[in-house]
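Below is one structure; the comments refer to it alone.
Values reported hereafter were calculated over all heavy atoms of this structure, with side chains retained and with hydrogens, waters and symmetry mates removed. Counting convention: from 1, in listed order, for ligands and their atoms alike.
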Amino acid sequence: MKKTFLILFVFTFCNQITFAQKETTIVTLKNDDKAPVINKNIYGHFAEHLGRCIYGGFFVGDTSKIPNTKGVRNDIIAALKDLKIPNLRWPGGCFADTYHWKDGIGPQEQRPTIVNKWWGGVTEDNSFGTHDFLNMCELLETEPYLSGNVGSGTVQELADWVQYTNFSGKSPMSDLRKKNGRTEPWKVKFWGIGNEAWGCGGNMTAEYYAGEYRKFATFMSDWENTGGITRIASGSNSGDYNWTEVLMKNIPLNMLGGIGVHHYAVINWNKKGDGVDFTEEQYFKTMQSALKMEELVTKHGAIMDKYDPEKKVAMLVDEWGGWYEVEKGTNPGFLYQQNTMRDAVLAGATLNIFNNHADRVRMANLAQCVNVLQAVILTDKAKMITTPTYHVMKIYAVHQDAKLLPVSFQSPLYTVNGETLPAVSASASKDKNGAIHISLVNVDAKNKNKIEIDVKDLGVKNFTGTIITSAKLQDYNSFDTPNKIVPTAFKGFENKKGKLEITIPPFSVVVLEGK
Ligand code: AHR
């Protein structure tokens with residue numbers, strides 16, 4: 001297993017990453033006209049009706065004392081706008097295949113309740129529904145990504161949802177929307193056709209799901225005929241390559257906008273380990289699982305290339321992130337966990353992988369946005385804090401819609417108990433104004449790493465840097481010390497006549513900007 005993993009790291013589309021124990025890692029950046037643009041949607045998020053993500057997270061209701069706009073917390077809106085979140089996936093997750101959207105429209109007091117079967121068996125009163133979510137996306141200036149119900153819903157129901165949200169003419173669903181107070185359609189572009197169809201979405205085989213997908217997709221029209229909707233298939237569970245093969249083979253490419261792969265970084269599904277109280281061995285295992293993303297996108301991408309050499313179909317990683325045991329004393333069904341420097345390193349290295357595969361990976365959604373799994377925001381009643389992962393997403397936002405500068409380098413190794421991982425992770429891009437951004441992660445928990453980058457031919461002279469690090473890998477932002485981990489100026493580099501000599505401390509994330 002280990003050997004295969006290492007060999008796969010050697011060849012990727014745009015970065016030749018090999019391994020060597022060298023004093024200094026030489027990173028080469030290629031200014032390649034043919035390189036892809038990093039789709040901003042790689043920096044997307046996910047909000048499910050799960051635990052305190054929506055209720056008690058985003059949504060407190062308009063009678064709450066917590067400052068809000070139509071029930072959505074103003075502090076969360078401000079923090080996410082600052083993060084420039086490009087898209088938000090909703091309402092699930094597993095919840096999506098139990099969700100009947102018509103339960104969540106019309107006067108709130110008349111909406112039926114259901115039981116949230118997957119997440120704690122709590123009562124869902126449907127007070128946050130389609131209007132609430134899509135209006136919130138407008139406030140956030142972000143693109144909504146709706147996950148349709150295939151598992152327990154009907155073709156008619158999903159077709160109606162598209163008509164309800166997207167049709168401006170006269171029709172039963174647009175009339176209903178208008179009756180509920182919204183004249184103009186929202187024009188939702190991204191539509192998931194089911195979620196985890198291989199599991200909570202219906203335990204389907206790949207062949208059966210491909211048939212279901214074709215049927216649902218047929219009736220989901222772009223009601224305005226503007227080519228405006230992207231239909232997204234429920235993709236594989238991590239390394240289930242057969243799933244991708246069957247979907248690519250059986251779904252006509254003109255019906256398939258993208259395939260959404262899911263992969264969580266987990267030590268062991270039966271023993272996930274604590275979110276804060278973890279050892280270096282556990283950190284290593286988490287990173288081993290997280291860095292598997294390189295192999296996953298490479299292998300799923302190779303299968304997609306066979307059927308779609310022009311790369312018209314996008315790969316999405318529409319659920320990713322670290323998954324640990326829930327915080328002690330919290331509801332096991334609510335998936336609330338802390339977020340430490342481990343999560344910052346995990347986020348930085350994973351986003352570098354997505355950037356480097358921007359030719360095929362065109363959307364990703366961190367699971368999840370608020371109070372669930374690897375959240376960027378945590379709330380405790382009126383208090384709200386941003387996590388180390390938030391800060392990584394923030395300093396990486398410079399890559400959104402920038403042109404990839406493919407990187408190649410030989411990574412030194414990070415060794416724990418005789419097992420190894422690449423210690424250095426990197427990606428780079430050039431934005432519309434010609435500024436260069438290089439993001440570097442030192443995965444090694446103990447040793448600093450020296451990196452050298454020749455930037456002479458990039459047309460930039462002055463570099464500045466930002467770093468996210470802390471004294472301990474287990475450090476986190478608490479409600480009492482909310483700013484323990486924040487980006488600070490990074491001075492650990494010198495520009496020696498166009499050669500950047502960088503020393504990056506253990507478990508840290510750095511972004512260099514050249515102008
Ligand atoms: O993000 C939590 C859950 O993980 C989602 O509901 C599901 O799609 C996945 O298994």
Handout entry: Backbone N/O of Y164 and side chain of R177: donor-acceptor pair under 3.5 Å
Key = yes
Practice task
Under the disulfide (SG to SG under 2.5 Å) rule, collect the residues that match up with C94, sequence neighbours excluded.
Solution key: C200
Practice task
Return the set of residues passing side chain to side chain donor-acceptor pair (under 3.5 Å) with T154 (not counting sequence neighbours), or none when no residue passes.
Solution key: none
Exercise for the section: Tell me, yes or no, whether the heavy-atom count around Y208 atom OH, taken from other residues, nucleotides or ligands under 6.0 Å, exceeds 12. Expected result: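 Open.
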Practice task
Answer yes or no: are there more than 12 heavy-atom neighbours, outside K84 itself, under 6.0 Å from its atom NZ?
Solution key: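 No.
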Handout entry: First-shell residues of ligand 1 [heavy atom, distance under 4.0 Å]
Key = F46, E48, L50, G93, C94, W119, N195, E196, Y264, E319, W323, Q368, L373
Problem - Counterpart residues, side chain to side chain contact (heavy atoms under 4.5 Å, CB included), relative to K312 (two or more places apart) - result: D308, E310
